[in-house]
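Okay, so here's the structure we're looking at.
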2 protein chains.
Amino acid sequence: MSAPGEQRKRRTTSYSRAGADSSRKHVDSDGTKGQQTRERLLKATAVILTEKGYSGTRLGDIAKRAELQAPAIYYYYDSREALIEEVVRRGQQSAQEHVENALAQLPEGTPLLERIRCAVEEHLRVVLDLSEFTTAAIRNMGQLPEGMRQQIRSDHKNYGALWQRLFEEAQANGEIRADVDVTAARLLIIGALNWSPEWWTPRVCDIDDVVAAALALTSGLVTDQ
Amino acid sequence: MSAPGEQRKRRTTSYSRAGADSSRKHVDSDGTKGQQTRERLLKATAVILTEKGYSGTRLGDIAKRAELQAPAIYYYYDSREALIEEVVRRGQQSAQEHVENALAQLPEGTPLLERIRCAVEEHLRVVLDLSEFTTAAIRNMGQLPEGMRQQIRSDHKNYGALWQRLFEEAQANGEIRADVDVTAARLLIIGALNWSPEWWTPRVCDIDDVVAAALALTSGLVTDQ
DNA sequence: AGACTATTTTAATCTAAGTTCAATCAAGGG
DNA sequence: CCCTTGATTGAACTTAGATTAAAATAGTCT
């Protein structure tokens with residue numbers, strides 16, 4: 001008799017902690033049936049989240065976009081919160097991964113300024129092009145309910161710290177003007193990038209133009225030249 | 001016997017259209033009794049709006065913060081929407097006014113670059129320091145319900161156009177690098193400023209530091225130097 | 001085909017939040 | 001001091017949206 005409270009609600013992930021390793025989250029035994037639906041759901045949630053914000057994200061809208069009925073969501077997630085949390089976590093992770101990856105591929109002696117440029121470009125591309133999850137995460141970070149913040153915030157801090165390090169070293173190195181507050185500068189730059197989904201569409205200009213402009217701004221921090 | 005449906009709900013404003021004129025909105029006959037409550041209400045709404053986003057803004061929270069009971073709000077506004085709309089409108093207006101004002105006070109021949117710097121600084125100060133309304137407006141612009149967008153969007157476009165003009169002229173003038181897309185550059189900069197309330201608190205650094213950093217970034221667009 | 005599991009749906013609950021109503025409180029004027 | 005209007009409140013109404021329960025559909029395996 002289908003004892004529902006038990007075996008349903010399986011959970012794609014085992015995400016107790018999010019490592020930076022390549023192991024994608026779906027540790028699910030299943031291969032691909034409902035798995036596809038799950039992905040569709042996450043994607044839909046990300047879009048709605050970006051458009052409507054945390055509180056404005058209704059299960060009904062998500063369901064409609066994912067082409068199923070709202071209650072079906074509960075087959076995959078315990079609650080609206082759990083679903084949203086995974087989206088945000090993915091977004092956070094995705095950004096960090098992409099940027100770290102790109103940085104890791106730079107040759108050994110790459111000057112800090114170059115690394116910063118690389119991070120700027122990569123972050124921007126993730127936000128505008130690669131991951132709707134990241135956009136959703138960024139835009140809602142500030143409005144997440146207390147419970148959800150803990151884990152996510154911590155990841156977020158990590159990512160921020162990565163940037164901060166780059167900037168501080170660059171300044172210590174003399175590559176960045178000594179007279180600017182690097183914390184403020186860094187947050188302003190990331191802010192510019194984070195805000196971009198708010199206005200950018202393919203019709204405004206090419207992504208490469210945005211990247212170029214962002215790099216130009218960044219060069220305002222440079223000591224000499 | 002107090003026929004409530006009639007004379008209540010007076011309405012502070014007559015805002016059919018918001019001109020750029022100095023006539024502040026309260027065309028109300030009253031001098032200052034409930035007027036104070038009204039202001040308290042608006043301010044509370046702005047704060048909640050910034051914290052929780054459009055959909056997360058509940059009348060109960062607003063009421064609590066303004067130290068009255070939720071239903072009392074209806075004495076001043078026809079609906080939650082009407083209240084929020086006024087907050088957003090004020091925020092929009094406030095930013096535009098401050099910046100236009102500051103620009104107007106620059107001496108005649110001021111070079112465009114200088115004007116842009118001025119606009120950057122002023123916008124930043126409004127957002128971080130002067131107007132909680134502006135912050136609320138900016139952060140929620142994207143999530144306002146269709147009905148509200150019309151009027152507000154139009155004001156918003158206006159403001160954007162003001163900036164765009166500055167940038168285009170500066171580039172035509174040779175003051176800004178010819179190889180950057182000024183639209184992208186302008187939106188990135190405004191984005192950096194708009195995002196700042198997300199991270200800035202007096203404990204992070206001094207506002208002047210943020211201003212300085214923002215100006216440094218801006219100078220990345222400059223042709224020569 | 002039969003039977004068991006995975007997935008999705010419809011109908012029913014429950015609750016929070018916006019809103020309305022009618023009554024109360026406060027203050028100023030006659 | 002009573003009365004009128006301005007301001008505010010507590011209780012009731014209503015609806016939207018999350019969640020649950022139970023049933024129906026689809027799949028797969030033997």
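Proteins get letters first, then strands, A, B, ... in listed order; numbering begins at 1 in each. On a predicted model such as this, the values are computed, not experimentally measured, just so you know.
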(message) Return the OH to CG distance between A:Tyr54 and A:Leu144, rounded to the nearest 0.5 Å.
(response)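 Output value for this atom pair is 7.0 Å.
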Closest to the [X] side chain: [options]?
X       : options                : value
B:Tyr76 : C:dT19, D:dT8, D:dT19  : D:dT8
B:Arg80 : D:dT9, C:dT19, C:dT8   : C:dT19
B:Pro71 : C:dA11, C:dT20, C:dA17 : C:dT20
A:Leu59 : D:dA18, C:dA6, C:dG18  : D:dA18
B:Tyr75 : C:dT9, D:dT8, D:dG10   : D:dT8
B:Ala72 : D:dT9, D:dA18, C:dT9   : D:dT9

Figure out the [atom1]/[atom2] separation between [X] and [N], and round it to whole Å.
X       : N      : atom1 : atom2 : value
A:Leu41 : C:dT7  : CG    : C1'   : 12 Å
A:Lys52 : D:dG17 : NZ    : C1'   : 13 Å
B:Tyr74 : C:dT20 : OH    : P     : 6 Å
A:Ile73 : D:dT20 : CD1   : P     : 13 Å
A:Arg58 : D:dA18 : CZ    : C1'   : 12 Å
B:Asp61 : C:dA16 : CG    : C1'   : 12 Å
A:Leu83 : D:dA18 : CG    : P     : 11 Å
B:Leu68 : D:dG10 : CG    : C1'   : 14 Å

(message) Taking the basic N atoms (NZ, or NE/NH1/NH2) and the acidic carboxylate oxygens, is any pair closer than 4.0 Å for B:Arg65 and B:Glu132?
(response)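 No salt bridge links B:Arg65 with B:Glu132.
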(request) In plain terms, say whether B:Arg117 and B:Glu121 are close enough for a salt bridge, that is, a side-chain N and a carboxylate O under 4.0 Å apart. (result)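 B:Glu121 and B:Arg117: not salt-bridged.
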(request) Tell me what A:Thr57 touches on the nucleic acid: a base, only sugar-phosphate, or nothing, going by heavy atoms under 4.0 Å. (result)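 Sugar-phosphate, no base atom in range.
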(message) Any base atoms under 4.0 Å from B:Gln69, or only sugar-phosphate, or nothing? Heavy atoms, all strands.
(response)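 The answer is sugar-phosphate, as B:Gln69 gets under 4.0 Å only of primed atoms, P, OP1 or OP2.
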(request) Tell me, please, whether A:Tyr159 has A:Arg165 positioned over its six-membered ring: NZ or CZ under 6.0 Å from the ring centre and within 45 degrees of its axis? (result)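 No cation-pi geometry.
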(request) Cation-pi check, B:Arg186 to B:Phe167: give yes when NZ or CZ is under 6.0 Å from the six-membered ring centre and within 45° of the ring axis, no otherwise. (result)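 So B:Arg186 doesn't make the cation-pi contact.
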(message) Any side-chain N or O of B:Thr37 below 4.0 angstrom from OP1/OP2 of D:dT8?
(response)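 So the side chain of B:Thr37 is within the cut-off, an N or O lying under 4.0 Å from OP1 or OP2 of D:dT8.
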